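Have a look at the structure below, then the notes.
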Amino acid sequence: MLRIDDLTIRAGDAVLIDALSLTVAPDGITCLIGPSGCGKTSVIKWLAGILDPALEARGTATRDGAPLNAPDAALAYQPQQDALFPWLTVAENAGLGLEMRGQSRRAARARTAPLFAPFGLSGCEDRFPSELSGGMRQRAAFLRTIVQDTRFILLDEPFSALDAVTRLRMQDWLCARLTDTPRGVLMVTHDLHEATQMADRILVMSARPGRIVTDIPLTTPRAARTEAALADTRSKLRTLLLEETS
Ligand SMILES: Nc1ncnc2c1ncn2[C@@H]1O[C@H](COP(=O)(O)OP(=O)(O)OP(=O)(O)O)[C@@H](O)[C@H]1O
């Protein structure tokens with residue numbers, strides 16, 4: 001279990017996050033949604049240990065009951081968009097997270113190579129990111145994140161740059177990968193449809209200063225999440241978000 005208690009983030013006199021507490025289960029998707037600017041990215045960056053040092057953050061984070069000192073080796077962070085380095089090949093990009101964790105380039109290559117086929121990237125190893133479609137780049141970024149074998153993954157709007165069809169495919173694809181290999185995922189999204197299709201739990205943040213105002217478990221199996229089955233939850237979320245932005 002990943003846990004944040006009483007996180008407050010300030011920018012000078014302005015309070016961005018106000019005594020926010022949340023938990024992330026070790027084997028499911030927890031979605032964090034909220035009005036634009038409420039601080040979703042700041043929470044996830046703080047957990048990842050990359051919050052702008054100009055911001056003042058106070059609060060505690062624990063993993064399995066022990067203090068979490070970010071950057072924590074059990075957490076992988078994937079920023080908004082795919083964030084691949086354009087001057088590296090797809091294989092070099094895919095292995096970068098492992099190299100940053102101390103593995104040699106050769107070991108990283110050996111570890112990532114078998115994953116190109118299941119990630120739909122066979123034959124792309126020596127191409128550059130600019131030669132791939134948006135969906136392929138996103139899969140390469142997921143490969144780089146997931147191959148690090150961390151127990152927890154922090155995803156900041158991972159599908160926001162994709163077109164609607166690729167986005168739906170990638171959502172299904174990621175859920176399937178997480179069913180194969182369960183991880184604890186904290187995912188920021190703006191998209192109610194995405195949150196209700198993918199999440200095991202949705203945490204709704206208030207407008208700035210951000211804190212958690214609602215915690216909604218989604219118990220319907222993903223395969224049974226039809227429009228009708230999700231209508232009430234979506235309507236409740238829409239109302240909450242409209243209230244927060246009014
Ligand atoms: N380095 C910074 N200095 C000052 N204010 C900042 C800084 N970084 C973020 N902010 C402010 O903190 C607030 C929260 O920003 P953050 O990006 O975390 O929100 P968000 O909910 O992820 O936004 P969005 O949904 O639009 O991506 C915003 O009002 C933003 O302007």
Side-chain angles (χ1 to χ4, degrees), residues 2-24 29-61 68 70-72 75-84 134 137-138 141-142 145 152-164 166-167 170-171 174 184-199 201-216 218 233-234 236-246:
L2 205 57
R3 181 181 183 104
I4 298 177
D5 282 301
D6 271 336
L7 173 64
T8 295
I9 300 180
R10 290 191 171 82
D13 290 338
V15 182
L16 310 182
I17 300 287
D18 183 20
L20 174 143
S21 299
L22 61 78
T23 57
V24 179
I29 300 178
T30 301
C31 275
L32 192 56
I33 67 169
S36 188
C38 71
K40 302 177 291 296
T41 295
S42 301
V43 171
I44 224 166
K45 282 188 171 175
W46 178 72
L47 268 179
I50 57 159
L51 187 70
D52 182 345
L55 300 176
E56 181 200 344
R58 279 168 200 252
T60 55
L68 184 155
D72 182 301
L75 266 63
Y77 165 69
Q78 188 169 313
Q80 285 184 16
Q81 317 232 336
D82 58 49
L84 298 178
R137 281 201 299 275
Q138 197 67 14
F142 277 127
T145 305
F152 292 93
I153 298 176
L154 310 173
L155 299 175
D156 195 353
E157 296 189 52
F159 306 110
S160 58
L162 302 178
D163 66 82
T166 309
R167 190 181 179 114
M170 289 300 303
Q171 289 165 355
L174 180 62
V185 175
L186 179 60
M187 182 172 104
V188 169
T189 179
H190 274 287
D191 183 337
L192 294 188
H193 190 275
E194 181 167 285
T196 48
Q197 284 296 338
M198 295 184 71
R201 199 167 144 230
I202 299 178
L203 303 177
V204 183
M205 282 179 71
S206 65
R208 179 176 154 181
R211 62 200 163 76
I212 305 295
V213 287
T214 310
D215 181 343
I216 302 176
L218 281 97
T233 307
R234 286 202 188 129
K236 182 175 172 187
L237 285 167
R238 217 172 282 124
T239 306
L240 276 167
L241 289 175
L242 285 173
E243 280 170 10
E244 287 301 331
T245 45
S246 61

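Hydrogens, waters and symmetry mates play no part in the numbers below; they use all other heavy atoms, side chains included. Note that ligands are numbered from 1 as they come in the structure, with each ligand's atoms numbered from 1 the same way. Since the structure is predicted, the reported quantities are computational estimates derived from the model, not experimental observations.
- Residues that satisfy the ring-ring contact (aromatic ring centres under 6.0 Å, His included) test with Phe152, not counting sequence neighbours, are absent from this structure.
- The side chain of His190, and not its backbone, has at least one atom closer than 4.0 Å to an atom of ligand 1 (non-hydrogen atoms only; side chain from C-beta on).
- Of all protein heavy atoms, the one lying nearest to atom 13 (C) of ligand 1 is Gly37 O, 3.4 Å.
- Thr8 places a side-chain N or O within donor-acceptor distance of the main-chain N or O of Ala19, the cut-off being under 3.5 Å.
- A salt bridge links Arg167 with Asp191: the closest approach of a Lys/Arg side-chain nitrogen to an acidic carboxylate oxygen falls below 4.0 angstrom.
- Not a single protein heavy atom sits closer than 4.0 Å to atom 30 (C) of ligand 1.
- The protein heavy-atom contact nearest to atom 19 (O) of ligand 1 is Gly39 N, 3.2 Å.
- Separating the CZ atom in Arg58 from the CG atom in Asp6 is a distance of 12.5 Å, to the nearest 0.5 Å.
- Shortest contact from atom 18 (O) of ligand 1 to any protein heavy atom: Ser42 OG, 2.5 Å.
- Panel note: side chain Glu244, backbone Ala207; a donor-acceptor pair is recorded below 3.5 Å.
- At the shortest separation from atom 17 (O) of ligand 1 among protein heavy atoms lies Thr41 CB, 3.7 Å.
- Remark: among candidates Lys40, Arg10, Lys45, the nearest residue to atom 20 (P) of ligand 1 is Lys40, based on non-hydrogen atoms.
- The single protein non-hydrogen atom nearest to atom 26 (O) of ligand 1 is Ser36 OG, 2.6 Å, given as residue, atom name and distance.
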request  = In sequence, state the C-alpha distance, the side-chain angles, and the governing distance for Glu56 and Ile9, and then conclude on side-chain contact (heavy atoms from CB on, under 4.5 Å).
outcome  = CA-CA 6 Å; Glu56 181 200 344; Ile9 300 180; over 6 Å; no
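- Close contacts between ligand 1 and Asp52 involve ligand atoms 1 (N), 2 (C) [criterion: under 4.0 Å to a heavy atom].
- A distance-only check finds a donor-acceptor pair linking the side chain of Arg201 to the backbone of Thr23 [under 3.5 Å].
- Here the heavy atom of the protein found nearest to atom 5 (N) of ligand 1 is Ala11 CB, 4.0 Å.
- In this structure, atom 8 (N) of ligand 1 lies nearest to the protein heavy atom Leu55 CD1, 4.0 Å.
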ask   = Would Arg10 and Asp18 count as a side-chain contact (heavy atoms from CB on, under 4.5 Å) if you check the C-alpha gap in whole Å, the side-chain angles of each, and the deciding distance to 0.1 Å?
value = CA-CA 9 Å; Arg10 290 191 171 82; Asp18 183 20; over 6 Å; no
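- Taking atom 6 (C) of ligand 1 as the reference point, the nearest protein heavy-atom neighbour is Leu16 CD1, 4.1 Å.
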Intermediate values then yes/no, side-chain contact (heavy atoms from CB on, under 4.5 Å), Leu2 and Leu68 = CA-CA 9 Å; Leu2 205 57; Leu68 184 155; 3.4 Å; yes
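- The closest approach between Cys38 and ligand 1 falls below 4.0 Å for a heavy atom of the residue.
- Applying the 4.0 Å criterion to heavy atoms of Glu157 picks out, from ligand 1, the atoms 27 (O).
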